[in-house]
Visitor: 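My questions will all concern the structure given below.
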Amino acid sequence: MGKLKIKDKFNDYSLFVKIFGATIAIHWIIIILAYILLYMNKEVNVGFFEYFYTKFSHSGDTPHYLNIAENGYASEGEFANLIVFYPLYPLLMKILAFVVRDYFVSGIIISNVCLGISGYYLYMLTKKELGKEKAYDGWLIYVIYPFGMFTIMVFTESLFIMLVLMSLYYISENKWFAAGILGMFAALSRSQGIALLVPAVYEAVLYMVRNRKFTVKSLSVFFIPVGTFIYLLMNKVIQGDWLSFVAHEEAEPWYNTPKWISQNLAQHYDMALQYFSLSMIIYWLQIILYFAALAALFYGIKKKISTSLIAFGGAYIFLSYLHGWLISGPRYMMGCVTLYIIYAAVENKYVKQAIFVTCGLMSVFIALGFWQGQAIM
Amino acid sequence: MGAFIGNLGGLIMIILIAVLLFKFITELCALKKSNDSIVKKVSFFTVTAVLIGFVYIVIGGYIYNFKNGAVSLFDIQTIWNMKPVSAFMTVASGGTYSSDWLLSDGIFPLYPVLVSLFSGLLYDMYIECAFYISFLSWIVTVTCLGLWLDKKYGYERAKLYIMLIMCIPGVFLLFLPSPFALFMALFSAFLLCFEYRFRVAMTVLAFLCIFTHMSGIVALAVLVTVYIYGWDKKYSDIVYASVILASQLVLCVVYYASGIGCGVECWFLMIIPAIMALKYFDKNEISGKTFYNVANIVLVLISSFYLTAKIYQII
């Protein structure tokens with residue numbers, strides 16, 4: 001019996017190592033292939049790591065995270081608006097930087113470790129939902145998602161996705177305390193983290209009704225909004241207003257005023273017609289992804305995917321598309337982990353392979369655009 | 001937008017024709033009360049070919065649009081301006097086939113003649129007609145290769161392998177206007193006849209291959225081997241794989257020396273011996289599945305690299 005347990009543990013460990021390694025490796029292969037194209041096109045003449053460091057420590061949101069990790073949040077002045085970025089990721093960078101002595105490298109390490117773990121938990125969650133055979137498919141579409149390069153950079157994506165997946169996994173296992181704490185951390189790393197409250201409450205209520213008793217432990221799910229509360233408190237303490245981040249988001253350079261989804265989609269469409277180049281990588285993709293994701297959720301309901309997972313997907317998309325002047329839609333949608341599980345549930349081989357090939361073919365191209373400094377945000 | 005709608009209409013019409021044809025075959029089969037499994041298999045390979053072909057057209061057009069500005073996704077001549085498509089387009093705009101095409105660009109007569117014939121019916125839409133013929137050739141290629149694989153390895157494996165083949169870098173050249181697309185359709189049909197031991201059909205197809213593309217030599221080499229060596233011998237797979245490989249390698253040298261052809265024309269036929277060799281290391285269900293999973297992801301990433309590089313004109 002003991003031997004069997006050790007063997008099971010070893011198999012679990014071996015599976016974890018395999019998935020962890022493969023998830024990270026595939027993302028790096030994509031970014032390296034894109035770099036080779038860049039090099040062949042004579043757009044760069046320095047080595048991979050040197051260019052990677054100089055390029056990506058200065059692009060996108062990375063400099064903001066580096067700034068927060070190094071100097072903390074500012075109560076006023078030029079960098080006061082950085083309070084719009086949630087604190088968990090820069091805090092982890094700060095802690096690790098005591099060891100590695102470089103904030104950028106520290107961020108890269110955190111992102112990659114989280115990425116590897118997120119791959120494992122996605123596999124486990126899909127396996128729990130659909131069985132071993134299909135678990136691989138869910139993982140596959142995650143690693144090949146065309147905007148996946150954000151997960152190895154200094155962005156919150158991989159940390160957030162990891163926490164969401166872990167929280168959803170423990171919700172499905174009815175381990176409320178773990179789910180609540182991880183959900184709280186998710187809410188401390190991105191605004192959409194609060195969406196975890198929906199599946200958590202849903203499952204907790206079902207659990208209590210099923211067992212016909214009130215469980216105090218299940219109240220742990222309310223740790224999730226505590227994460228958001230801590231962020232609001234941070235706003236109050238540092239800048240004197242619970243909602244100071246809202247004013248910063250509305251101002252330059254984000255112009256991000258929350259609006260109803262249909263207004264935002266209409267704005268995407270207008271912008272797509274006005275700016276051809278941006279429409280190709282931002283606006284059309286956001287519109288297509290929105291409708292495709294909703295269609296996928298309906299399909300997920302038909303395929304009897306757990307309603308709590310579908311509910312998370314719905315809540316996540318809802319929160320993401322409330323952003324006025326959204327320009328990071330394709331990146332945000334990466335965090336809608338329900339979609340990977342729905343993909344795994346697709347029975348039709350044509351559709352499945354067509355989605356896989358579409359994502360696969362786009363991956364190196366989008367990564368190339370990212371290297372080139374195109375508006376991929 | 002007008003051009004896009006027009007082209008989309010044209011493509012839908014071709015798809016409608018293919019669907020009606022398929023429906024006709026289905027009903028014929030139903031009348032004969034034959035086993036419907038062949039219909040199921042043909043429909044799987046056909047639909048997969050149409051769907052994946054469409055994905056390639058959209059992604060290729062998307063990348064081109066992003067790099068160079070707005071063009072219709074079906075503006076084949078602009079978006080897919082690469083060898084061997086460009087070689088064909090350049091000479092084809094000159095009109096009727098002449099022997100100069102063979103000498104200067106290595107373009108054999110069957111494909112241009114077919115295109116001329118049908119473009120006459122389609123109000124002289126030469127390029128569109130070339131594309132439609134190539135796209136139908138692509139469907140035939142995938143279906144015949146699928147049925148060939150089905151006969152060789154069974155339906156489940158055939159489905160997996162055909163998915164892999166459609167991720168091979170440069171596979172998009174099999175539905176773009178060039179004689180190579182038609183050649184691959186004929187060669188796939190040739191292989192299918194080979195597997196079913198239809199010697200006469202093989203002979204006809206081998207000659208059609210020669211009239212279509214220089215790689216027709218490979219079909220001829222296989223045909224000669226059939227007549228000399230026969231089939232159903234212990235090492236026949238190894239022998240035929242070697243014949244295809246050797247003749248294709250010779251052709252690669254010829255391509256390189258003469259400066260005609262392109263990479264895809266060199267490496268694509270190599271998949272046939274590779275598939276023949278598969279059975280020696282893809283023996284059980286688990287290793288087969290692992291092999292497929294790894295190969296699928298590797299191929300699609302290389303294909304993404306190759307497609308982007310081609311449209312960016314880096315290689």
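Just so you know, these numbers come straight off a predicted model, no measurement behind them. In the text below, chain A, chain B and the rest are named by the order of the sequence lines, each starting its count at 1. Any value given below was found using the heavy atoms of this structure, including those in side chains, with hydrogens, waters and symmetry copies removed.
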Visitor: Measure the shortest side-chain to side-chain distance between B:Val58 and A:Thr358 over non-hydrogen atoms and say whether it is less than 4.5 angstrom.
Guide: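 Answer no - side chains too far apart.
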
Visitor: Give the member of B:Tyr56, B:Tyr306, B:Phe44 that has the highest number of heavy-atom pairs under 4.5 Å with chain A.
Guide: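 The candidate making the most pairs under 4.5 Å is B:Phe44.
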
Visitor: With a 4.5 angstrom heavy-atom cut-off, which part of A:Glu43 approaches chain B: side chain, backbone, both or neither?
Guide: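 Neither part.
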
Visitor: Under a 4.5 Å heavy-atom cut-off, does chain B meet the side chain of A:Ile29, its backbone, both or neither?
Guide: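 For A:Ile29, the contact with chain B is made by the side chain alone.
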
Visitor: Below 4.5 Å, heavy atoms only, C-beta onward: do A:Tyr350 and B:Ile52 meet side chain to side chain?
Guide: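 No, their side chains stay 4.5 Å or more apart.
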
Visitor: Quick check on A:Lys42 against chain B: is it the side chain, the backbone, both or neither that has a heavy atom closer than 4.5 Å?
Guide: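 For A:Lys42, neither part sits under 4.5 Å from chain B.
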
Visitor: Any heavy-atom pair between the side chains of B:Leu301 and A:Ile26 that's under 4.5 Å?
Guide: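 Sidechains of B:Leu301 and A:Ile26: in contact.
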
Visitor: Quick check against the 3.5 Å criterion: does B:Ser304 have a side-chain atom that pairs as donor or acceptor with the backbone of A:Val364?
Guide: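 Present.
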
Visitor: Has B:Tyr62 got a side-chain atom pairing as donor or acceptor with A:Met280's backbone, closer than 3.5 angstrom?
Guide: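 Such a contact is found between B:Tyr62 side chain and A:Met280 backbone.
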
Visitor: For the aromatic rings, using the six-membered ring if either is Trp, is the centroid distance between B:Phe305 and A:Phe365 under 6.0 Å?
Guide: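 Not under 6.0 Å, so no.
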
Visitor: What residue, out of A:Lys349, A:Gln353, A:Met40, A:Gln374, has the most heavy-atom pairs lying under 4.5 Å from chain B?
Guide: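 Highest number of heavy-atom pairs under 4.5 Å: A:Gln353.
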
Visitor: What heavy-atom pair brings A:Leu361 and B:Val55 nearest, and what distance separates the two atoms?
Guide: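 Taking A:Leu361 first and B:Val55 second, the nearest heavy atoms are CD1-CG1, 4.4 Å.
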
